[in-house]
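Worksheet: one structure, shown below.
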Amino acid sequence: MTEVKEEIDLEIQVETMQTNHSRNSSLKVITLVTLTLQNAMVALSMRYARTRPGDMFISSTAVVMAEVVKLSVCLVLVYRIESLSWKHFISILNNTIIKQPMDTLKVCIPSLVYLIQNNLLYVSTSNLDAATYQVTYQLKIFTTAVFSVLILKRKLLRHQWIALVILILGVILVQLNNSTDKSKETHPNQNRIVGLVAALIACCLSGFAGVYFEKILKGAEISIWMRNIQLSFVSIPIGFIMCFVTDWNIINDKGFFFGYDLYIAYLISLQAAGGLIVAMVVKYADNILKGFATSLAIVVACVFSMYFFNFTISIQFVVGTMLVMCSIFLYSYTKQKKLPNLNTTQRA
């Protein structure tokens with residue numbers, strides 16, 4: 001009887017392990033698809049929004065509305081996950097945000113940086129085709145690594161430095177290529193230099209804000225959802241101020257929601273959901289999978305640009321893109337072996 005019982009227990013354990021393995025494999029596939037589509041669709045959607053015919057929406061207002069959507073989602077998540085009742089929910093918000101003013105003030109810096117970064121991304125996508133923007137923005141991996149060394153005192157392996165150098169070379173080749181995009185014909189005011197500079201500054205801001213955000217998260221018993229609520233409580237007022245300072249004339253003349261339609265609502269929701277999706281799937285995806293998803297997103301952006309924007313790809317662009325993809329995969333693989341996950345530093 002004892003042997004039979006042991007055999008049954010062993011069979012149950014084997015079945016449980018197989019079920020867990022199958023579940024983890026499914027989650028990894030879902031993660032890969034989600035991250036790939038999210039990374040690619042943001043670039044393509046922003047590009048189309050800035051080049052489509054019709055009234056042009058005010059990008060600074062779209063940035064603020066994305067923060068409003070993100071705040072709403074995070075409030076719902078905190079209520080469902082961390083609170084027991086409405087009274088307890090209000091108490092959590094009061095204790096975390098109101099009664100800890102110094103802790104809330106810490107997020108002022110990343111809040112402002114993220115707002116500037118998101119506005120610059122609109123400038124970049126207005127002046128660069130989606131494929132070039134997608135490749136160039138991967139320099140945020142380089143800036144995040146550099147700031148992690150400077151601020152968090154991390155050490156990079158030799159292979160990681162090599163991967164970052166390859167990344168830079170690949171982006172340079174992409175920027176020097178002769179690829180064309182039909183949207184330039186209908187939008188002659190586009191300036192490639194302006195788009196490149198905006199993307200580079202956004203990459204620097206992304207790296208700094210991500211690492212700084214990770215630093216203030218360390219040692220704090222606050223969930224990432226609550227920390228994002230803090231960020232939004234600070235960034236939304238600052239964002240409205242930036243809107244009225246930079247675009248007061250057009251807002252006063254045409255209204256805050258000028259140019260908005262269902263597509264802009266979709267774009268705002270996509271941007272708001274992007275960071276939340278990454279935060280939710282980060283525990284299911286290792287660094288190799290994230291690197292693979294980023295590389296696939298570049299391919300997807302290039303293919304869709306060819307069909308929807310008549311983007312012509314040159315050999316130089318292909319070589320540069322391949323270098324960027326190889327560097328991402330090499331850096332992700334090496335980081336999986338040695339360093340903590342830098343992707344968790346990004347804001348949800």
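Reckoned from all heavy atoms, side chains included, excluding hydrogens, waters and symmetry mates.
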Whether Phe244 and Phe256 hold their rings parallel, tilted or perpendicular, with breakpoints at 30° and 60°: tilted
Closest contact, heavy atoms only, Thr144 versus Val211: O-CG2, 3.5 Å
Any Gln175 side-chain heavy atom under 4.5 Å of Arg192 side chain: yes
For Phe57, the option from Phe258, Tyr263, Tyr122 that meets ring-ring contact (aromatic ring centres under 6.0 Å, His included): Tyr122
Aromatic contact, Phe208 with Tyr114 (centres under 6.0 Å): no
Side chain to side chain, Ser305 and Asp129, heavy atoms closer than 4.5 Å: no
Lys NZ or Arg CZ of Arg47 over Phe308 ring: under 6.0 Å, within 45°: no
Any Leu164 side-chain heavy atom under 4.5 Å of Val146 side chain: no
Criterion salt bridge (charged side-chain N to carboxylate O under 4.0 Å, His left out) on Lys254 and Asp247, from CA distance to verdict: CA-CA 11 Å; Lys254 298 181 178 180; Asp247 297 303; over 6 Å; no
Beyond-backbone contact of Phe142 with Phe147, side-chain heavy atoms, under 4.5 angstrom: no
Residue pair Tyr260 / Met65, side-chain heavy-atom distance below 4.5 Å: yes
Nearest heavy atoms of Leu323 and Gly170, plus distance in Å: CB-CA, 3.8 Å
Closest contact, heavy atoms only, Val135 versus Val171: O-CG2, 3.9 Å
Ring-ring centroid check Tyr307 Phe304, cutoff 6.0 Å: no
Test item: Leu231 and Pro110 side chains (from C-beta on) under 4.5 Å apart, heavy atoms: yes
